[in-house]
Amino acid sequence: MLKSLLSDDLPKSRWLALLLVAILIGLAVAPFLFPGAKSLNVAARICVFIVLAASFDLLLGYTGIVSFAHTMFFGIGAYGVAIALTRMGPGWDAVAVGVGAGLVLAIALAVLIGLFSLRLRTIFFAMITLAVASAFAILASQLSDLTGGEDGLNYRLPVALRPSFKLFEGFNGRLLDYYIVFFVSLALLLGMLRIVNSPFGSVLMAIRENPFRAEAIGYRTVVYRTLASCIAAAAAALAGALLALWSAQASPDTTLSFDIMVDILLMVVIGGMGTMYGAVVGAVLLVLAQNYLQALLGDRWLLWLGLAFILCVYFFPTGIVGRLRRR
Amino acid sequence: MLETDSLTIRFGGHAAVDGVSCAFKPGTLTSIVGPNGAGKTTYFNLISGQLPATSGTVRLNGQDITALAAPRRTRLGLGRAFQLTNLFPNLSALENVRLAVQVKSGKALDLFSRASTHRELTDRAREHLAAVSLSDRADTVAATLPHGDQRKLEVAILLALEPDIFMFDEPTAGMSIDDVPTVLDIIAAIKKRGDKTILLVEHKMDVVRSLSDRIVVLHQGKLVADGLPAEVINSDIVREAYLGGAADG
């Protein structure tokens, strides 16, 4: 049962297993264990970023594709929900339309970028994704009628997700919202874990290891790479939609900025590339650090965070999960 | 049947393979010999699709495959082992072979089942590993295998593709004396089945003489001799071509 749920990809390290169980339980009971608006917000962001980092790892760690357009797909998902809720009013129909439109646009863009440029060498592909993502971010801030420009959009969530809504005593709309984010994120993570351990996933790793030989034994790499890009884009868009559904606002800073791109890159590298669990550990560490390190270390917290990253990458080149799995 | 017709590739002004026309029948083993730089590996690259031909055609069972990409040619039955070891370095030996088995299974686009549940693929991969006597190395990461074992794994991947045309590019190069018979026995066993076409690039003349039904000689990109081993090896043109440039024969 557990083996099937984890797609045979067991943690293979007692400490990693303990860490993952602690994260799972921590997030599952976060609203009761750590009451308060800020900690609930941090827990929800952790869930969202786990999905975002894991989907990026599917590209970078499993397929060997270096893309800087991942936040673009995240932003598309967020803006899809935000725009639909702004235009159509706070209803579940608007959420469905927003999520659907975001997914379609994200996948269509991923196919286009993939077919046009995945034949290129890694570095040129990375440059193209950077250009497309920058263009998209500028577009989002210029089309202010649709996107609210630099200020972004603030909108009302469906009634059932508002604090004033009571499902039953002690369980309000925010909690319902949190558990939607939690369970959808968990399902997406397990889904991606299944994909990387499927026959398809084994081809992705073959392409990462030796694209030339993967072609020579009969795999058309551009097909597999494009498909991997589409899956990652769809997962990122869903992560964006979850964030929009949680925070009731979408702006270029919170969904499209290059800072977020750097964050998810760090999450994947620190956690351990090519392992879904690495993305989980990396996302938890980074979101926690961003939210609590300032209180602990004062104004120079970014300096200490930077130093910690350098040491981390220096001493654990395979990431935290890579280190824990080493016997 | 595999045929090449006036097959040519030019790099700038230099024709690395120059108008080579040759047909390879099922059930025969043809050795392609010639000094270093004669164009043997380039000729292989043109047949298996790693390089695009400048002119001329490659036909497989009457179908023109000159314009097809390498993956299509492999799925049509062209199998190739590489001269320089060309594996998936951080995957296990078993996974290297399993990936080759998986190509024809039609399972490669299956996103939602666990790869480990497809027992038949793993079992077939184990059989091919056993054929090159690497069973006890199944879980070893390819990059950490000794050189000789990597060469054998290369052959196991080719076997796993179950092709109609087997192309071996110096399969025993750099192998220890003990490992060479394993590979030669495999080639002999494929030949014995009688329905497979085998192309072999090899420098060791004793190997060529004992295995080949036919020898084709390339020299400076051109086909200069073609015939039975006994005839070709002793012909003047081969002596001149070979002894002119072969120090490692």
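Residue numbers begin at 1 in each chain, while the letters A, B, ... track the order of the sequences. Values below: every heavy atom of this structure, side chains too, minus hydrogens, waters and symmetry copies.
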Report, one line per pair, each donor and acceptor closer than 3.5 Å where one atom sits in a side chain of residues 48-55 of chain A; sequence neighbours left out.
from    : atom 1 : to      : atom 2 : distance (Å)
A:Ser55 : OG     : A:Val51 : O      : 3.2
A:Ser55 : OG     : A:Leu52 : O      : 2.8
A:Ser55 : OG     : A:His70 : NE2    : 2.8

Report all side-chain donor-acceptor pairs from residues 88-105 of chain B shorter than 3.5 Å, counting only partners two or more places apart or in another chain.
from     : atom 1 : to       : atom 2 : distance (Å)
B:Asn90  : ND2    : A:Glu209 : OE1    : 3.3
B:Asn90  : ND2    : A:Glu209 : OE2    : 3.4
B:Ser92  : OG     : B:Glu95  : N      : 3.0
B:Glu95  : OE1    : B:Arg98  : NE     : 2.9
B:Glu95  : OE2    : B:Arg98  : NH2    : 3.1
B:Asn96  : OD1    : B:Phe88  : N      : 2.9
B:Asn96  : ND2    : B:Phe88  : O      : 3.3
B:Asn96  : ND2    : B:Leu91  : O      : 3.3
B:Asn96  : ND2    : B:Ser92  : O      : 3.0
B:Arg98  : NH1    : B:Gln102 : OE1    : 2.9
B:Arg98  : NH2    : A:Ser202 : OG     : 2.9
B:Arg98  : NH2    : B:Gln102 : OE1    : 3.3
B:Gln102 : OE1    : A:Ser202 : OG     : 3.4
B:Gln102 : NE2    : A:Pro199 : O      : 3.3
B:Gln102 : NE2    : A:Ser202 : OG     : 3.2
B:Gln102 : NE2    : A:Tyr219 : OH     : 3.3
B:Lys104 : NZ     : B:Leu161 : O      : 3.4
B:Lys104 : NZ     : B:Glu162 : O      : 3.0
B:Ser105 : OG     : B:Gln102 : O      : 2.7
B:Ser105 : OG     : B:Lys107 : N      : 3.1

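Under a cut-off of 6.0 angstrom, the local environment of CE in A:Met273 is sparse, with at most 12 non-hydrogen atoms contributed by other residues, nucleotides or ligands. The neighbour count for A:Tyr179 OH, taken as heavy atoms of other residues, nucleotides or ligands under 6.0 Å away, is above 12. Surrounding CZ of B:Phe11 are more than 12 heavy atoms belonging to other residues, nucleotides or ligands, all under 6.0 Å away. Applying the 6.0 Å contact sphere to CZ of A:Phe124 captures no more than 12 heavy atoms from other residues, nucleotides or ligands.
Side-chain contact check for B:Glu154 versus A:Arg213: some heavy-atom pair is nearer than 4.5 Å. Considering only heavy atoms from C-beta on, A:Arg220 comes within 4.5 Å of B:Arg75 through its side chain.
Using a 4.5 Å cut-off between heavy atoms, A:Asn197 touches chain B through its backbone atoms (N, CA, C, O) alone. Proximity to chain A (any heavy atom under 4.5 Å) is shown, for B:Ala108, by both the backbone and the side chain. Both the backbone and the side chain of A:Ser4 come within contact range of chain B, judged by heavy atoms closer than 4.5 Å.
B:Leu87 and A:Asn210 make their closest contact through O-ND2, 2.8 Å (heavy atoms, listed as atom of the first residue, atom of the second, distance).
Ranking A:Gly201, A:Gly191, A:Ala206, A:Ala214 against chain B, the residue ahead of the rest is A:Ala206, based on heavy-atom pairs under 4.5 Å.
By a heavy-atom distance cut of under 4.5 Å, B:Leu109, B:Asp110, B:Leu111, B:Phe112, B:Ser113, B:Arg114, B:Ala115, B:Ser116, B:His118 are the residues of residues 109-120 of chain B near chain A, going up by number.
Under the side chain to side chain contact (heavy atoms under 4.5 Å, CB included) criterion, B:Leu200 pairs with B:Leu29, B:Ser31, B:Phe168, B:Pro171, B:Ile187, B:Glu202, B:Leu211, sequence neighbours left out.
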